[in-house]
Amino acid sequence: MIKTISYLGLGTMGSGMAANVLKAGYELTVWNRSTEKCEPFARKGARVAKTPADAVRDVDLIMYSLSNDQAVEEVVFGAEGILSGIKEGQIAIDMSTVLPATSLRELEAYGKRGVDFLDAPVFGSKNESANAKLWIVAAGNKAIFEKVKPVLEHLGQTVHYFGKNGNATAMKLVGNLIVALEMEALAEGLVLAQKAGLDLNTVMEVVNVADFRSPLLVSNGQNILKRDFSTSFALNLMLKDAGLIEKFGESLRSPIPALRVVEKNLVSAVALGFGKENASALIKALEKEASVEVKPRTASKPISSAVSQKQPAIAGR
Ligand code: NAP
């Protein structure tokens, strides 16, 4: 049974997950490159480690959520990295969004030390991480997955098992391909609606009820109308993911023509200086091209007030 856990990487996603590990009653050790992010955890009784190698000392399970492949390279494989401290019998879980090839490299390195490894990236963002509502996908040895599943269930609302290592990372890239295309669709749709002179609040009412609705379109659409681009999922990270999806798609000779268009707009939005804003700031590249700003004529209102809904005689469609 897992009793002691180390969490490395206390960014937007890792901080929420580490807090929920602590809340669930596990003994927690934390490590983060910028040490100040460890302070709130120290105040709640977590041990703060000096290095990744120190962080993995004497714990059952090591989890980490890091920006990208490069960060994983440094924290796992680097001097004083996880691999220099980890011991046979321990379990490591990479929850970052990286290339499946990176997950396989980690598997091999951990395997040489008798350490079990799962790739388990997550769907959801800042709020889902803080509120233990993530959608988690995991891959690797089934018995190890079953052993750590109770821990993952404290972090997410669903946990799906994907079989052999690398498959969960692949699923994460599949999901983020869909997310990127939805964000592009929302941005293009709202710019077109603005150009057409439509009432944007009513546009969002329709997006919320029609058969193309999705929570992602609604929450990002509402925030765009409020001009709120505060970061849950940084534009820089979406551009990083687009690069991973492109590489992955190419490696399998799977076509990704629409993703290339999104990537071009992401590059433009980053060049305009919006990389640290939320991924929805992708719309700013299109706004510049169209010489408009997507903004309702009247203050944006919570969805549903302007809807006149007829009750269907027969439920469903
Ligand atoms: P974030 O807020 O930028 O945090 C990144 C973390 O990685 C920080 O702890 C950062 O340390 C650390 N880091 C970066 N480079 C490092 C290096 N070279 N050495 C050591 N540590 C390094 O990112 P996030 O939003 O939490 O995302 C983390 C991962 O989850 C990413 O792979 C992302 O794609 C994925 N993800 C994000 C979301 C989302 O909505 N945000 C959703 C699903 C998945 P410092 O604090 O010192 O900078």
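Keep in mind that this is a model prediction, so the values were computed, not measured. Ligands are counted one by one from 1 in listed order, and the atoms in each one are counted from 1 as well.
With N208 contributing its side chain and M204 its backbone, the two residues share no donor-acceptor pair below 3.5 Å.
Each of W31 and Y7 belongs to its own hydrophobic cluster when Ile, Leu, Val, Met, Phe, Trp and Tyr are linked at side-chain heavy-atom distances under 4.5 angstrom. A continuous path of Ile, Leu, Val, Met, Phe, Trp and Tyr side chains, each step under 4.5 Å between heavy atoms, connects V122 with M63, placing both in one hydrophobic cluster.
Backbone and side-chain nitrogen or oxygen atoms of M95 are examined, and none is located within less than 3.5 angstrom of a nitrogen or oxygen of ligand 1. Distances between N or O atoms of S125 and those of ligand 1 include at least one value under 3.5 Å. Residue-to-ligand polar distances keep K172 apart from ligand 1: every N/O pair is separated by 3.5 Å or more. When only interatomic distances are considered, the shortest N/O to N/O separation between K37 and ligand 1 falls below 3.5 Å. Here's the thing with W31: none of its N/O atoms is less than 3.5 angstrom from an N/O atom of ligand 1. Considering both main-chain and side-chain atoms, M13 comes within under 3.5 Å of ligand 1 through a nitrogen or oxygen pair. In terms of polar-atom proximity, S34 is counted as a contact of ligand 1, with an N or O under 3.5 Å from an N or O of the ligand.
Per-residue contacts place E74 under 4.0 angstrom from the following atoms of ligand 1 (heavy atoms of the residue considered): 17 (C), 18 (N), 19 (N). Residue G9 has at least one heavy-atom neighbour below 4.0 Å for each of these atoms of ligand 1: 9 (O). Every atom of ligand 1 is numbered from 1 in the order shown, and the set under 4.0 Å from a heavy atom of L10 is 9 (O).
Only backbone heavy atoms of S232 (N, CA, C or O) come within less than 4.0 Å of ligand 1; its side chain stays farther off. Neither the backbone nor the side chain of V98 has a heavy atom within less than 4.0 Å of ligand 1. The parts of T97 lying near ligand 1 are both backbone and side chain, judged by heavy-atom distances below 4.0 Å. Counting heavy atoms closer than 4.0 Å to ligand 1, residue L237 contributes side-chain atoms (C-beta onward) but none from N, CA, C or O.
Residue pairs meeting the side-chain hydrogen bond (donor to acceptor under 3.5 Å, both in side chains) criterion with at least one partner in residues 135-158, sequence neighbours excluded, are absent. Every pair passing side-chain hydrogen bond (donor to acceptor under 3.5 Å, both in side chains) that includes a residue from residues 114-134 is listed here, sequence neighbours excluded: D119-N165, D119-T169.
The shortest contact between atom 34 (O) of ligand 1 and any protein heavy atom is with K240 NZ, 2.9 Å. If you check which protein heavy atom lies closest to atom 17 (C) of ligand 1, you get R33 NH1, 3.3 Å. Nearest to atom 43 (C) of ligand 1 among the protein's heavy atoms is V122 O, 3.3 Å. Remark: minimum distance from atom 20 (C) of ligand 1 to any protein heavy atom is reached at V75 CG2, 3.4 Å. At the shortest separation from atom 3 (O) of ligand 1 among protein heavy atoms lies S67 OG, 4.1 Å. Closest to atom 11 (O) of ligand 1, if we only count protein heavy atoms, is N32 OD1, 3.8 Å. Regarding atom 4 (O) of ligand 1, its nearest protein heavy-atom neighbour is G11 CA, 3.3 Å. Here the heavy atom of the protein found nearest to atom 29 (C) of ligand 1 is L66 O, 3.3 Å.
Within a 6.0 Å radius of CD in E246, other residues, nucleotides and ligands contribute more than 12 heavy atoms. Other residues, nucleotides and ligands place no more than 12 heavy atoms under 6.0 Å from the CD atom of E88.
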Step by step, would you call I82 with F77 a side-chain contact (heavy atoms from CB on, under 4.5 Å)?
CA-CA 7 Å; I82 292 175; F77 296 88; over 6 Å; no
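E277 and K284 are joined by a salt bridge, as a carboxylate oxygen and a charged side-chain nitrogen come within less than 4.0 angstrom of each other. K112 has no carboxylate O lying under 4.0 Å from a charged side-chain N of E106, or vice versa, which leaves the two without a salt bridge. Using a 4.0 Å cut-off between charged side-chain N and carboxylate O, E287 and R227 make a salt bridge. Salt bridge status for R47 with D54: present, with a side-chain N to carboxylate O gap under 4.0 Å.
Contact between G124 and ligand 1 is present, with at least one heavy atom of the residue lying under 4.0 Å from the ligand.
If you take CG on N223 and CD1 on I283, they are separated by 12.0 Å, rounding to the nearest 0.5 Å. Distance check: L266 CG to M183 CE gives 9.0 Å after rounding to the nearest 0.5 Å.
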